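To start, the structure itself, in structure tokens.
None of these values were measured; they are calculated from a predicted model. Here is how names work: the chains are called A, B, and so on, in the same order as the sequence lines, proteins then strands, and each is numbered from 1.
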Protein chains: 2
Amino acid sequence: MAQKALLRRISFYADLDDVDQQVIMQIDGREQHYEKNTELVDAGQEMDSVLIVKQGWAIRYKTLEDGRRQVLNVLLPGDMFDLQVLVAAEADHSVKTVTSLTGLSVRPSEFRRLLTESGKLTLAFWWMQVQEEAFLREQIVRNGTQSARERIGHFLLELYRRVLITGAGTDDGFRVPLTQTVIADALGLTPIHTNRVLRQLERDGLLERDNGWILFKDETRLAEMSQFDPSYFHLDAFRMRLGRE
Amino acid sequence: MAQKALLRRISFYADLDDVDQQVIMQIDGREQHYEKNTELVDAGQEMDSVLIVKQGWAIRYKTLEDGRRQVLNVLLPGDMFDLQVLVAAEADHSVKTVTSLTGLSVRPSEFRRLLTESGKLTLAFWWMQVQEEAFLREQIVRNGTQSARERIGHFLLELYRRVLITGAGTDDGFRVPLTQTVIADALGLTPIHTNRVLRQLERDGLLERDNGWILFKDETRLAEMSQFDPSYFHLDAFRMRLGRE
DNA sequence: CGGCGAGTTGAAGAGCTTCAAGCCTGGTGG
DNA sequence: CCACCAGGCTTGAAGCTCTTCAACTCGCCG
């Protein structure tokens, strides 16, 4: 049930009562399955539905004519895209899976019905949008002001928090199904330099990598080094259900 | 009337009938005037109203503890901030005027009334949000993949288009009341390098600067050089009222 | 077994920063 | 009315971060 992933996610943004939860669990849509590295949305394309991610990771990205690629954001279980469809805009960027992915495809009419059904839900979706925009802003700050070392630390910590919210990850680390090339494209670096910095972070005892997992050996020091301040998550407004800080 | 600037802006997003226009012109709020370089919103602050810019420029930005600053976006006449207030989030970034500025301060309750008054208006505001997010994404792409030369060209062309929409600017240029330091902070560069590149663009016959104005001497070549593709403005959806392309 | 994608490492070089200093303009006070 | 100051702009020189080019390894799948 993709609805469950969405419910879990939304519960961070609003105190839903039984009725609201019912509404979400009964969202009408088509369950879809995609292979690893499947193009879900291509820039310039007209979109015809909203997709709610149930399981798996995807990336939003944009490519320039000469092939340079910028990863804008990572989509995790519980994330939705693209609400733009509600105003019938065409995609100005692409979306592609990085793992196999299952999701729920919801038609705009159904989605609009949802929004009118419950004021609380409308608010909750607003919150998700506000947070999504905050992630974009943070991405700008990170890539614009920070060194490669800081960017990588900051990026991993942000992802880690987000993964914890989805219910995955452990006390001291999480599985990162991103290649170093994807990380590099997210941070505006070359894969080569990304690799060097990652290895350096290991040598400095800040983290360990093991078979696709990132394990933080000293999260505090990493957060300080990269000036990671998660207030842009806006979780404080919800009494920090994450149980951190 | 700040309402007029807003009306002009919104008219790019929706075909408003007389009634809709009435609704906008009668928005209830306090007209405010601010001096150059006035802090309007401070990161971490609770916001209590939406501000519609009537006249003047402002910047959204974020500063790190060590003083590094990243400019996220430029606010022009007709722009609004911060709709976040509708869900009572606290500011995760700051806003500050770069010229003297007049605006209309609207209380959230009044704004919500607006949204319920007309479905067309609701859609129009959604469009503004969609576009705003597209600007953020483009900022990420620009700063993440492009060279200083490309970034500066791209940034100026984007601003130029936006200024044209507000009704200012001429055939071949516009007034840019931003210091080179602000431009540098927007593009993740040092003011020194920004200056060198601007001069180089002049020497290459791509633009001229004159007393705060930017004049494009060869807009086509500049757009090619910086791979400027304005489809992210989503203006095509409105039959390109801008009259370009 | 062969090939491909991902990761790793070295060496050379480019782009941008840092430090330093000088200029120009507009505003302020003696 | 002129002297002075501050903020913004400009230029040079040295140096560092990150890129580019190149080559090699490892694990996985056909």
Nearest 0.5 angstrom please: A/Asp210 CG to A/Leu215 CG, how far? 6.5 Å
State whether a side-chain donor-acceptor pair under 3.5 Å links B/Glu150 with B/Ser147. yes
Does B/Gln146 reach the main-chain N or O of B/Ser226 with its side chain, forming a donor-acceptor pair under 3.5 Å? yes
What residues 198-213 of chain A contributes to the DNA chain D interface at heavy-atom separation below 4.0 Å is none
Relative to the ring of A/Phe174, is the ring of A/Tyr160 parallel (under 30°), tilted (30 to 60°) or perpendicular (over 60°)? tilted
Here's a test for you: under side chain to side chain donor-acceptor pair (under 3.5 Å), which of A/Thr194, A/Asn195, A/Asp185 qualifies with A/Gln180? A/Asn195
Check each residue of residues 176-185 of chain B for a non-hydrogen atom within less than 4.0 Å of any atom in DNA chain C, then write out the ones that pass by number, or none. none
Check A/Glu158 with A/Arg161, please: is the shortest side-chain N to carboxylate O separation under 4.0 Å? no
Given protein heavy atoms under 4.0 Å, the one-letter contact record of nucleotides 10-22 of chain C, with B base, S sugar-phosphate only and - none, is simply BB----BBBB---
Distance alone, cut at 3.5 Å: any donor-acceptor contact between the side chains of A/Glu133 and B/Gln129? yes
Can you measure from CG (B/Leu75) to CH2 (B/Trp57) and round to the nearest 0.5 angstrom? 11.0 Å
Spacing of A/Ile152 atom CD1 relative to C/dG7 atom P, expressed in whole Å: 12 Å
Using modelled atom types only, decide if a donor and an acceptor are shared between the side chain of B/Asp66 and the backbone of B/Arg68 within a distance under 3.5 Å. yes
Would you call A/Asp204-A/Arg149 a salt bridge at under 4.0 Å N-O? yes
